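Contents: one structure, followed by commentary.
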Amino acid sequence: MKIQELENELNISRANIRFYEKEGLLNPKRKENGYRDYSDSDIAVLKKIIVYRKLGISVTDIKKIFNNELELQEAVSQSIKNLQKEIERLNGSIELCKEIQKENTDNKSFDEEHYWEEINNDEAKGNKFVDIFKDYMEFEKPMLHYISKHFLLIDYEKVKKKHGIWWLVFLVLAVSTVRGIAGMVLRNENFWYGFLYPFILFAIVSIIILPLFIFKDKHPKIVEIYSLILIALFALVFIGIALLIIYGIINTVFNL
């Protein structure tokens with residue numbers, strides 16, 4: 001079986017499979033053309049790896065299990081302890097949910113000041129609650145993906161899913177490095193100016209299209225009008241660039 005077929009069948013990224021191969025957990029044979037050929041036994045091993053990882057067993061421990069250096073029962077026991085610690089980490093949220101449930105509180109009678117104080121006091125004592133920073137990241141992700149795909153012409157989400165986060169980091173740095181070198185050679189710019197240019201461009205575009213993501217649910221009409229304005233502005237910019245290029249070509253030809 002080819003790696004693409006394996007990805008689709010087991011719903012796992014190529015980057016994950018390559019990582020397990022690099023760690024020595026999976027060793028598929030190669031065909032004469034150099035491509036990997038995953039046998040039924042390879043698929044069985046990969047399924048076992050996936051199950052173990054979903055149980056919380058580390059790659060290091062899986063390697064030890066495969067090398068008969070660690071018993072599965074011991075690894076499972078350690079995983080239970082680790083998972084229990086994760087549950088305890090969110091104990092504050094669980095206990096407060098139970099309290100609200102016990103008091104049969106609804107949205108109208110919900111005393112936010114009381115629970116606000118209770119959460120702050122519990123956090124001061126070391127109890128943990130759900131990290132709301134993820135909300136911000138969930139808001140940012142679709143916007144950043146939209147910008148990278150339509151303005152920088154790079155589908156970072158696709159790259160990340162197919163090749164992994166480190167390949168994505170390498171791609172970003174490579175693009176910035178090429179821009180920095182190009183600026184030095186073509187315009188005598190400082191390397192760091194060119195290197196940081198894509199990030200600056202990304203930030204500017206993020207600010208410009210931010211209203212699209214803020215008002216898209218509550219004020220769709222505003223978003224529609226704003227979108228038309230942006231399209232018109234970008235069209236004017238591209239037309240202006242095209243006219244400048246044409247002017248430069250004509251000027252060069254006639255000067256010759």
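Just the heavy atoms: all of them, side chains too, but no hydrogens, waters or symmetry mates, feed the values below. What you see is a predicted model; the values in this text were computed from it and never measured.
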Q. Are the side chains of L96 and E99 in touch, meaning some heavy atoms are under 4.5 Å apart?
A. yes
Q) If you round to the nearest 0.5 Å, how far is CD of E117 from CD of E112? A) 11.5 Å
Q. Given the rule that I, L, V, M, F, W and Y join up when any side-chain heavy atoms are under 4.5 Å apart, are I100 and W116 in one cluster?
A. no
Q) Shared ILVMFWY cluster between L72 and Y20, side chains joined below 4.5 angstrom? A) yes
**Q.** Heavy-atom side-chain contact between Y115 and T105 under 4.5 Å
**A.** yes
Q. Is there a side-chain contact between S109 and D111 (heavy atoms, below 4.5 Å)?
A. no
Q) Quick one: CG on L6 to NZ on K47, what's the gap to the nearest 0.5 Å? A) 9.5 Å
Q) Going through the distances and angles, do I94 and I87 end up as a side chain to side chain contact (heavy atoms under 4.5 Å, CB included)? A) CA-CA 9 Å; I94 295 171; I87 293 172; 4.1 Å; yes
Q. With side chains defined as the heavy atoms from C-beta onward, is the minimum distance between E118 and H114 less than 4.5 Å?
A. yes
Q.
Rounded to the nearest 0.5 Å, what separates atom NZ in K85 from atom CG in N91?
A. 15.0 Å
(Q) Using a 3.5 Å distance criterion without hydrogens, assess whether the side chain of D61 forms a donor-acceptor pair with backbone atoms of A75. (A) no
Q) Where is the tightest heavy-atom contact between S58 and R53, given as atom of each residue plus distance? A) CA-NH1, 3.7 Å
Q. For the atom pair CD1 (I43) and CG (D40), what is the distance rounded to the nearest 0.5 Å?
A. 5.5 Å
Q | Side chain to side chain, Y38 and E5, heavy atoms closer than 4.5 Å | A | no
Q: Kindly write out the residues that satisfy salt bridge (Lys or Arg N to Asp or Glu O under 4.0 Å) with E86, not counting sequence neighbours, or none if the list is empty.
A: R89
Q: Measure the shortest side-chain to side-chain distance between K29 and R36 over non-hydrogen atoms and say whether it is less than 4.5 angstrom.
A: no
Q.
Between I50 and N16, is there a side-chain heavy-atom distance shorter than 4.5 Å?
A. no
Q | Closest approach of D42 to L26 (non-hydrogen atoms, all atoms of both residues) | A | O-CD1, 3.4 Å
**Q.** Single hit among V76, I57, T60, I49 for side chain to side chain contact (heavy atoms under 4.5 Å, CB included) with I65
**A.** I57
(Q) Heavy-atom count check: over 12 atoms from other residues, nucleotides or ligands less than 6.0 Å from E69 CD? (A) yes
Q: Answer yes if the side chains of S39 and S41 hold a donor-acceptor pair under 3.5 Å, and no otherwise.
A: yes
Q. Closest approach of E7 and R14, non-hydrogen atoms and distance?
A. OE2-N, 2.9 Å
Q. Are I62 and L83 in one and the same hydrophobic cluster, where Ile, Leu, Val, Met, Phe, Trp and Tyr link if side-chain heavy atoms are under 4.5 Å apart?
A. no
Q: Walk me through it: do I3 and R18 pass the test side chain to side chain contact (heavy atoms under 4.5 Å, CB included)?
A: CA-CA 10 Å; I3 192 167; R18 292 281 189 260; 2.9 Å; yes
**Q.** Any donor-acceptor N or O pair under 3.5 Å, side chains S79, N82
**A.** no
Q | Spacing of CG belonging to N8 relative to NZ belonging to K2, to within rounding of 0.5 Å | A | 12.5 Å
Q. Above 12 or not: heavy atoms from other molecules or residues under 6.0 Å from CD of E103?
A. yes
**Q.** Y52 vs L25 side-chain heavy atoms within contact, under 4.5 Å
**A.** no
Q. Measuring from K63:NZ to L70:CG, what's the distance to the nearest 0.5 Å?
A. 13.0 Å
Q: Could you state whether W192 and I181 fall into the same hydrophobic cluster, counting links through intermediate Ile, Leu, Val, Met, Phe, Trp or Tyr residues with side-chain heavy atoms under 4.5 angstrom apart?
A: yes
